Amino acid sequence: MISDRIKAGLLALIRGEVARFDYAALYEAEIVKQNGDGTLELKSLHPRIPGMSHVRIRHGVPGVEVKVRPGGRVLVGFDNADPTRPYAALWQSATLDELTVTAETLVKIDAALVELGDGDRPVARIGDLVEIPFTPLVPCSGTLDGAPFTGVLTIADPFLVGSITNGRLDVTA
Amino acid sequence: MTDRIKAALLALIQAATVPLRHLGTWSAEVVGQGPDGSIEVRPASALLPPIHGVPLFVGLPGVEIAVKPGARVMLAFTAGDPRRPTATLWDSAGLTELRITATTRVRVRSPKIELAGDGAPLARDRDLVDLPVTLPLSLAATTLGGLAIVIPALVFPAALVGFITATQTKTRA
């Protein structure tokens, strides 16, 4: 049987030795605010971890910058299990204000349906047809067998059909 | 060392540390996704049991995803707590729906942006349209009942050029 003194000593020894593993885990935190440089002020939601200031963000996708609102939840990890090097990485209920994706070559979204904003109408592209209705009644004047006249022509199919000729060449759909 | 001392030491160590097993990340396969977005997973390692009700933490704020059974994800445990599994990082296959919600703006900057479809460039507000006139409107000289008709005012140009005026304003390109 281990005496209480030895037990306490052993416990302290073990805890001291493995304390760094505390920082090998991910912890939930709440966003208090976002600083001008993009870093976050965070309130820890776990008693083992204190609040953190100027925490940088690491995203699951490169080329991304975000602006987020207070109150969102994020997971915090620590570089090399170092408590002085926290980073915010994975998001649950964060309220996103602004997202910017910057890529050097191509951003491609491939899906059966792509919705931009809350509009429900399809986008138009270069080459797509346009149809313009106009009044079928066209006033006219001229001569009839040399005698002047005025009248109205009725056009049977009063639509102009054409196509879109220019647009944004680097955005395709 | 006797078994009793071994067991006592083991109990001490377990009391002093979080389960190290749950500090790591574990590959798992999605079995299903519930209406609240949480998923049921089957870890690849036999050391972990199947887990249901696993919340998703996504690599970008403001993003919600729907995934197919069979998608692969890294499983982590917040604070190393086996009762708090989280789904974190994904293999590329298995996404059925991705929704980005931002309060202010989503901006994509790239030399080329492809939005599904067959690759035709997008048209925008005030982009030009070309309307070739093919209607039989040129009645400069014809006859009616043997009488010559002359209507010099009705010769249309070869083509009309207009521009798009009605677009939704929330999406810009």
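A, B, ... follow the sequence lines: proteins, then strands. Residue 1 opens every chain. All values below were derived from every heavy atom in this structure, side-chain atoms included, with hydrogens, water molecules and symmetry-related copies excluded. Bear in mind the structure is a predicted one, so any value in this text is a computation, not a measurement.
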- Message: For B/V67 and B/W90: C-alpha separation, side-chain torsions, deciding distance, then whether side chain to side chain contact (heavy atoms under 4.5 Å, CB included) applies.
- Response: CA-CA 10 Å; B/V67 290; B/W90 298 85; 3.8 Å; yes

- Can you find a side-chain donor-acceptor pair between A/E41 and A/S53 that sits under 3.5 Å? yes

What part of [X] is in contact with chain B, defined as an atom under 4.5 angstrom from a non-hydrogen atom: side chain, backbone, both or neither?
{"X": "A/H46", "value": "side chain"}
{"X": "A/V64", "value": "side chain"}
{"X": "A/A111", "value": "backbone"}
{"X": "A/E131", "value": "neither"}
{"X": "A/T105", "value": "backbone"}
{"X": "A/A24", "value": "both"}
{"X": "A/E98", "value": "both"}

- Identify which of A/A89, A/G162, A/A103, A/G60 forms the greatest number of heavy-atom pairs closer than 4.5 Å to chain B. A/A103

Heavy-atom distance under 4.5 Å to chain A: side chain of [X], backbone, both or neither?
{"X": "B/L95", "answer": "neither"}
{"X": "B/T88", "answer": "both"}
{"X": "B/A76", "answer": "side chain"}
{"X": "B/L56", "answer": "backbone"}
{"X": "B/T86", "answer": "side chain"}

- Message: Can you see whether A/F78 has A/R85 sitting over its ring - NZ or CZ less than 6.0 Å from the centre and within 45° of the normal?
- Response: no

- Side-chain (A/S44) to main-chain (A/I49) donor-acceptor, under 3.5 angstrom: yes

- Check for a donor-acceptor pair, side chain of A/D128 on one end and backbone N or O of A/R125 on the other, with a separation under 3.5 Å. yes

- Message: Give me the atom names and distance for the closest heavy-atom approach of B/A71 to B/G94.
- Response: CB-CA, 4.0 Å

- Decide, yes or no, whether a salt bridge links A/E115 with B/R99 under the criterion of side-chain N to carboxylate O below 4.0 Å. no

